[in-house]
Number of protein chains: 2
Amino acid sequence: MSVMKKQKSSYHHGNLSESLLDAVDDIATKFGLEAVTLRACAKLVGVSPSSAFRHYADKRALLTSFATRALHQLTDSMARAKTDAQENSGDEFSAVSLAYIEFALAKPAFFRAMWREETIYVNDENYEAAVKLLSSFMQAGFAATIDDVDPNSFSSQELLAWSSVHGLAHLFVEGPVGKGMDKAQQMEMARGMIKSLADSLSSVKTS
Amino acid sequence: MSVMKKQKSSYHHGNLSESLLDAVDDIATKFGLEAVTLRACAKLVGVSPSSAFRHYADKRALLTSFATRALHQLTDSMARAKTDAQENSGDEFSAVSLAYIEFALAKPAFFRAMWREETIYVNDENYEAAVKLLSSFMQAGFAATIDDVDPNSFSSQELLAWSSVHGLAHLFVEGPVGKGMDKAQQMEMARGMIKSLADSLSSVKTS
DNA sequence: ACTATTATGTGAACAGTGATAACATTTGTC
DNA sequence: GACAAATGTTATCACTGTTCACATAATAGT
């Protein structure tokens, strides 16, 4: 749907830069990130291959935009989980962590695209802002200031929290963990790990 | 050195399959994993591009072998750290964990190559065996049986340990954590997180 | 309303990529 | 020494990202 080519003028597309991102989305979802090719995206949108360069300096810039969008999707999902937990008086930290892992399982190609230094421009300001916003949510359970989060000033506990949640997500997506399992089993595994994490963090806190 | 072309017969190379892995090593180290191209490897070894296909079914098979070798290098490094800790009566678990992260920082391209489902054959038996061996070392601090480690039967605490160490390594290599820091600072950060991890695990254990 | 300028899309090319197949050379075996 | 298997080469293929000259459309200035 979102990738449909505009029929109006049949020359100017009208919204190509965004539609190309949708095409990356489609192809990455269906055939994996390695299958994302500039020509395939252009064909899917119904446009000539070279037209992409009017909107993105190169393929890497396109993938950077896609990664940025994926980061925002993940952050939105975490934000939803957080407010849900607040309303239902659940554990915010667990809810946010589970959302992180659930996203990786649901959209593995997106998760891969987010963290790939060699294929995106990690110094792009939008990308950096998206990462910063995301990382702030992993500090949410620690009453940190949401604004102005510096990935280098994480406390040991906060770093442990992000690392473990991120690490499990990555081991699910790229590694051997939970390989033959279905999503429900994997999420059960994640719940177990997060429980251990939350228990240990609180026990450290109160000690 | 290790990539040098044999001058003896000048037709048959003698040890091409291994030398190609050395070439991947060299190029990945110097120019990153994305720069690893079949032709570049062949040229470095001093051989025609198509000769690689006598030893590897395709590029993905070559990268799988390389990933497997990298996994063994990491495992060796962890094993060394473990025996060192034993001899010096240090903390085995911390030593092994630090070796994991140190490897990722020293050889980021190798670490990337290890965990990339779309560019290697994750069901290759040698790769699977190497992963299994590696994962067993992350259970080392928990007095688990070293043999016959099943990545799906990790306890919550064991999973937390592997996930957090792996996650931090990955956030260092592909993510925003420790970006402007030098290796010493990054390792200090890692020590902090591992300390938090070890503390919390032991506090859970004894509670 | 008409034109000039800018924005956007096209077509044809380029070098570099993984891969294949027919051919060449060496090594090993009887 | 002949023959077969293993190993390396050459030529070629389709496909990739990218560029450049050109075509078309949208917009601004008068």
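In the text below, chain A, chain B and the rest are named by the order of the sequence lines, each starting its count at 1. Side chains included, hydrogens not; waters and symmetry mates left out as well; all remaining heavy atoms used. Given the structure is predicted, the values throughout are model-derived calculations rather than measurements.
The distance from atom NZ of A:Lys43 to atom C1' of C:dG9 is 18 Å, rounded to the nearest whole Å. One can place NE2 of A:His55 at 14 Å from C1' of C:dT6, the figure rounded to the nearest angstrom. Between B:Tyr56 atom OH and D:dG8 atom C1' the separation is 15 Å, expressed in whole Å. The interatomic distance linking A:Leu20 (CG) with D:dT18 (P) rounds to 13 Å, in whole Å. To the nearest angstrom, C1' of D:dT9 lies 13 Å from CG of B:Leu16. Rounded to an integer number of Å, the gap from B:Glu34 CD to C:dG16 P is 18 Å. One interatomic measurement links the two molecules: CD of A:Glu18 to P of C:dT8, which rounds to 14 Å at whole-angstrom precision.
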Could you list the protein-to-nucleotides 14-16 of chain D atom pairs, N/O on both sides, closer than 3.5 Å?
from   : atom 1 : to      : atom 2 : distance (Å)
D:dT16 : O3'    : A:Thr37 : OG1    : 2.9

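For B:Ser51, no side-chain nitrogen or oxygen approaches OP1 or OP2 of D:dG8 to under 4.0 Å.
Looking at every heavy atom in both residues, A:Val45 comes nearest to A:Leu16 through CG1-CD1, 3.6 Å. The two residues A:Phe103 and A:Ala70 make their nearest non-hydrogen contact at CZ-O, 3.8 Å.
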Could you give me the CA-CA distance, side-chain angles and deciding distance for A:Arg80 and A:Asp84, then say whether salt bridge (Lys or Arg N to Asp or Glu O under 4.0 Å) is met?
CA-CA 6 Å; A:Arg80 270 196 303 277; A:Asp84 277 14; over 6 Å; no

Pair B:Lys179-A:Glu128, salt bridge (Lys or Arg N to Asp or Glu O under 4.0 Å): steps then yes or no:
CA-CA 12 Å; B:Lys179 218 175 192 178; A:Glu128 278 189 326; 3.7 Å; yes

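Each of A:Arg54 and B:Arg54 was matched to the nucleotide of DNA chain D holding its nearest heavy atom; the match closer to the 5' end belongs to B:Arg54.
To the nearest 0.5 Å, the span separating OG on A:Ser65 from NE2 on A:His55 amounts to 12.0 Å.
Closest to the side chain of A:Ser48, from the set C:dA19, D:dT18, C:dG11, is C:dG11. Distance from the side chain of A:Phe53 is smallest to D:dT18 among D:dT9, C:dG11, D:dT18.
A:Tyr100 and A:Phe111 have perpendicular rings, their planes meeting at more than 60° on a 0 to 90° scale where under 30° would count as parallel. Between A:Trp162 and A:Phe154, the ring-plane angle classifies as tilted under the 30° and 60° cut-offs.
Counting distance only, with no hydrogens placed and no angle test, the side-chain atoms of B:Ser50 and the base atoms of D:dT10 include a donor-acceptor pair under 3.5 Å.
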